[in-house]
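The shown structure was predicted, so the numbers you read here are calculated from the model rather than taken from an experiment.
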Amino acid sequence: MRVLVIEDDPLLRRSLVATLRDESFAVDFAADGEEGLYKAREDIYDAIVLDVLMPILDGWQVLDRLRPNIKTPILMLTARDAVPDRVKGLNKGADDYLTKPFDPEELIARIQSIIRRRSGLVHPSIVVGDLEVDVGTKQVRLRGETVQLTAREYGLLEYLAMNRGTVISRTRLYERLFDENDDTLSNLLDVHMSNLRKKLGQQVITTRRGHGYVVE
């Protein structure tokens, strides 16, 4: 999953990016609302973490200009704890609202929740035959046994499992699994796909020649 962090505080921004990357997310970031709006309009993100008080464009302005054309789930992040501010964000189209300071585990849980809701998942566990992918704990079990995956391997499997039955193109996988610092011309995707199949078996992920990959 790929997340955009729009936050002007450099220390908090670095902390957010590190926390999300530790949880297997690909992360891009922006230091002000204008840069964030530009990146968010690319519409390649599974979620956006949006600070409210920022230079050039504040979070409310960014939210106004994104909705309703961009459907990406948005979590508003702000030091303002007043109820009217929370209501304002939700009424403008935000999917959730978290006040500073916050617990990193709560942030991750809320991001996962808004992604699941947008994907139509009611339960955090996805079962495909003998395979179970728990998007809450990020654990994978095959025939009841835990399978150890790298962060990138897990991210690839999770995205395909959350879009079960849909053929996902290589371009879309690169957009959702790798951030702007990755080399999208490399064979990273092929390497991770090969490793996944070694660990899970060849039948879990099907290749549709010329179209992409699918978990059925």
Is there side-chain contact between Val214 and Arg208, with at least one heavy-atom pair below 4.5 Å? yes
Could you tell me whether Glu7 and Lys100 make a salt bridge, using a distance below 4.0 angstrom between a side-chain N and a carboxylate O? yes
Does one hydrophobic cluster hold both Leu20 and Phe178, with members joined at side-chain heavy-atom distances below 4.5 Å? yes
Report yes if some heavy atom in the side chain of Tyr213 is under 4.5 Å from a heavy atom in the side chain of Met193; otherwise report no. yes
Heavy-atom side-chain contact between Leu173 and Thr171 under 4.5 Å: no
In the structure I gave you, are the side-chain heavy atoms of Ile44 and Tyr174 within less than 4.5 Å of one another anywhere? no
Going by heavy atoms in the side chains, are Ile6 and Val49 under 4.5 Å from each other? no
More than 12 heavy atoms of other groups within 6.0 Å of Phe29 CZ: no
What residue among Gln148, His192, Lys199 forms side chain to side chain donor-acceptor pair (under 3.5 Å) with Glu153? Lys199
Is the closest side-chain heavy-atom distance between Val140 and Thr146 below 4.5 Å? no
Between Ser15 (side chain only) and Leu11 (backbone N and O only), is there a donor and an acceptor less than 3.5 Å apart? no
Taking Ser119 for its side chain and Ile115 for its backbone only, find out whether a donor-acceptor pair lies under 3.5 Å. yes
Leu142 backbone acceptor or donor facing Glu145 side chain under 3.5 Å: no
From Asp46, Asp179, Asp28, residue fulfilling salt bridge (Lys or Arg N to Asp or Glu O under 4.0 Å) relative to Arg2: Asp28
How many angstroms lie between atom CG of Leu4 and atom CD of Glu35, to the nearest 0.5 angstrom? 8.5 Å
Got a second to check how far Arg172's CZ is from Tyr159's OH, nearest 0.5 Å? 3.5 Å
Hydrophobic cluster identity match, Val133 and Val127, side-chain contacts under 4.5 Å: no
Step through the shown structure and confirm whether more than 12 heavy atoms of other residues, nucleotides or ligands are within 6.0 Å of CD on Glu175. yes
Cation-pi, Tyr97 ring and Lys92 (6.0 angstrom, 45 degrees): no
Would the distance check show the side chain of Arg110 and the main-chain N or O of Leu75 forming a donor-acceptor pair, the cut-off being under 3.5 Å? no
Between Thr72 and Asp43, is there a side-chain heavy-atom distance shorter than 4.5 Å? yes
Check whether any side-chain N or O of Arg13 sits under 3.5 Å from a backbone N or O of Leu16 as a donor-acceptor pair, and report yes or no. no
